[in-house]
Amino acid sequence: MSEHDEMTIDLERIVRQRAGKSVPGFVIRWLKRVIHEDFINEFLRRGHVGVDFCTKGVEYLGVTLTIEGLDQLPQEGRFTFVSNHPLGGIDGVALGGIIGTKYDGHVKYLVNDLLLNLKGLAPLCVGINKFGGQSRSLSQQVDSVFHGDDQVIMFPAGICSRKINGQIRDLQWGKAFIQKSVQTQRDVVPIHFIAENSPRFYRIANWCKRLGLKVNLAMLLLPDEMYRSCGSHYTVRFGHPIPYTTFDHTRRPAEWAEWVKEKVYEL
């Protein structure tokens, strides 16, 4: 096996590690088609790592971006970049490329730990386990990132946006970015990523909610949504940094998080 082949993903191995040997072979084959394993691995074999992985990934998909407000951000300083999460894939990759390029590769994501299987992206990531308990070492890693000099990129909703009353909106934002930013004296930069997934995605997400399914079937479709995004154009708007001193005791951290969320959608 070549060095670049070692960069690829083996979906069957990942599923077996997560769910054991009880998953039928036909389910594995279906998942391989849904995530477009061959299409993804064709890119991964090129061996891009870090911010280069992000910028080249956007190019590979043929995605183009209009970027507004980035030039107004200071070159110096430590920031927490928080964004809505409309796509659940390419939006994160694109922001890593944009912010990483401006700040000379000094960026870190807090992301779903499944993304650590993308070895080219993994050096930029601290993985959050969405399906189990968190370890003390993870908490230490998160603290280390916030206390460090890298820019931090977060999607406080934790999952990608849903269609609510006809509008594409994030669900409730978590408060951790407020608490950590105040604790480590990081100003917060709001980002509005203007995009949406296919109508099919929102239909399935809504049905999952109505049926009370514990399995997030919509999440399984995100690689296919990324594949469908090939050739798309999106707009990314950066707001002015919000001083961490803004987040005082006049509101609870969860209330400040929703306040920042509204600022994002006003951009």
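The first residue in the sequence is number 1, and the count goes up from there.
Classified by interplanar angle (parallel below 30°, tilted 30° to 60°, perpendicular above 60°), the ring pair Y265/H192 is perpendicular. Ring pair Y234/F193 is tilted by interplanar angle, where 30° to 60° counts as tilted.
The shortest side-chain heavy-atom distance between F79 and P74 falls under the 4.5 Å cut-off. Between I159 and H85 the shortest side-chain heavy-atom distance does not fall below 4.5 Å. Counting only heavy atoms from C-beta outward, the side chains of V82 and W173 approach each other to under 4.5 Å. Side-chain atoms of L44 and L118, non-hydrogen and from C-beta on, do get closer than 4.5 Å to each other. For the pair F238/L95, a side-chain contact is recorded, criterion being any heavy-atom separation below 4.5 Å from C-beta on. At a threshold of 4.5 Å between non-hydrogen side-chain atoms, the residues F201 and R162 count as touching. Within the 4.5 Å cutoff, the side chain of M226 has heavy atoms near those of the L61 side chain. Contact of the Y227 side chain with the I40 side chain is not registered, since no non-hydrogen atoms from C-beta on lie closer than 4.5 Å.
Between V236 and I191, the closest heavy-atom pair is CG1-CG2, 3.7 Å. Nearest heavy atom pair, residue I168 against residue A195, reads CG2-O, 4.3 Å. Heavy atoms only, all atoms of each residue included: V51 and L124 are closest at N-CD1, 3.8 Å. Residues A94 and L65 come closest through the heavy atom pair CB-CD1, 4.0 Å. Residues C160 and N197 come closest through the heavy atom pair SG-ND2, 4.3 Å. For the pair D170 and S83, the tightest heavy-atom approach, listed with the atom from each and the gap, is OD2-O, 4.1 Å.
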R200/L221 under side-chain contact (heavy atoms from CB on, under 4.5 Å): CA gap, chis, key distance, verdict: CA-CA 10 Å; R200 178 200 63 167; L221 296 175; 4.2 Å; yes

Chi angles and distances behind the side-chain contact (heavy atoms from CB on, under 4.5 Å) call for L73, F81: CA-CA 11 Å; L73 298 180; F81 289 85; 3.7 Å; yes

From CA spacing to verdict: side-chain contact (heavy atoms from CB on, under 4.5 Å), K180, D143: CA-CA 8 Å; K180 293 295 184 183; D143 284 343; 2.3 Å; yes

Steps toward side-chain contact (heavy atoms from CB on, under 4.5 Å) verdict (W256, V188): CA-CA 11 Å; W256 278 122; V188 172; over 6 Å; no

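Rounding to the nearest 0.5 Å gives a distance of 6.0 Å between OG1 of T235 and CD of E68. In this structure, OH on Y202 lies 8.0 Å from NZ on K163, to the nearest 0.5 angstrom. Atoms CG and CD1, from L70 and I98 in turn, are 7.0 Å apart once rounded to the nearest 0.5 Å. Here the CG atom belonging to L110 is positioned 5.0 Å from the CE atom belonging to M154, to the nearest 0.5 angstrom. The distance from the CZ atom of F155 to the CG atom of L87 is 9.0 Å, given to the nearest 0.5 Å. Taken to the nearest 0.5 Å, the OG atom of S181 stands 10.0 Å off from the CD1 atom of I242.
If you chain together hydrophobic residues whose side chains sit under 4.5 Å apart, L267 and I67 never meet in one group. Note on V182: it clusters hydrophobically with F177, by side-chain heavy-atom contacts below 4.5 Å among ILVMFWY residues.
Side-chain atoms of R237 do not come within 3.5 Å of backbone N or O of G69 as any donor-acceptor pair. Formation of a donor-acceptor pair under 3.5 Å by the D91 side chain with backbone atoms of G89 is found in this model. A donor-acceptor pair under 3.5 Å is formed between the side chain of Y109 and the backbone N or O of G92. Between the side chain of N41 and the backbone N or O of D38 there is no donor-acceptor pair closer than 3.5 Å. Without hydrogens or angle criteria, Q185 side chain to Y244 main chain gives no donor-acceptor distance under 3.5 Å. Looking only at distances, a side-chain donor or acceptor of K261 sits under 3.5 Å from a matching main-chain atom of L171. Using modelled atom types, one side-chain atom of T101 and one backbone atom of G97 make a donor-acceptor pair closer than 3.5 Å. When atom types are taken as modelled, the side chain of R251 and the backbone of W259 share no donor-acceptor pair closer than 3.5 angstrom. Remark: side-chain polar atoms of Q151 are paired, donor with acceptor, to backbone N or O of G77 under 3.5 angstrom.
The local environment of CD in Q183 is crowded, with over 12 non-hydrogen atoms from other residues, nucleotides or ligands closer than 6.0 Å. Other residues, nucleotides and ligands place more than 12 heavy atoms under 6.0 Å from the CG atom of D71. Residue R252 places its CZ atom among 12 or fewer non-hydrogen atoms of other residues, nucleotides or ligands, all under 6.0 Å distant. Residue H240 qualifies as open at atom NE2: its count of foreign heavy atoms under 6.0 Å is 12 or below.
Between H147 and T184, the side chains place no donor N or O within less than 3.5 Å of an acceptor N or O (distance only, hydrogens not considered).
Partners of K102 by salt bridge (charged side-chain N to carboxylate O under 4.0 Å, His left out), not counting sequence neighbours: none found.
The one candidate from F43, Y60, F53 that meets the ring pair (Phe, Tyr, Trp, His ring centres under 6.0 Å) condition with H48 is F43.
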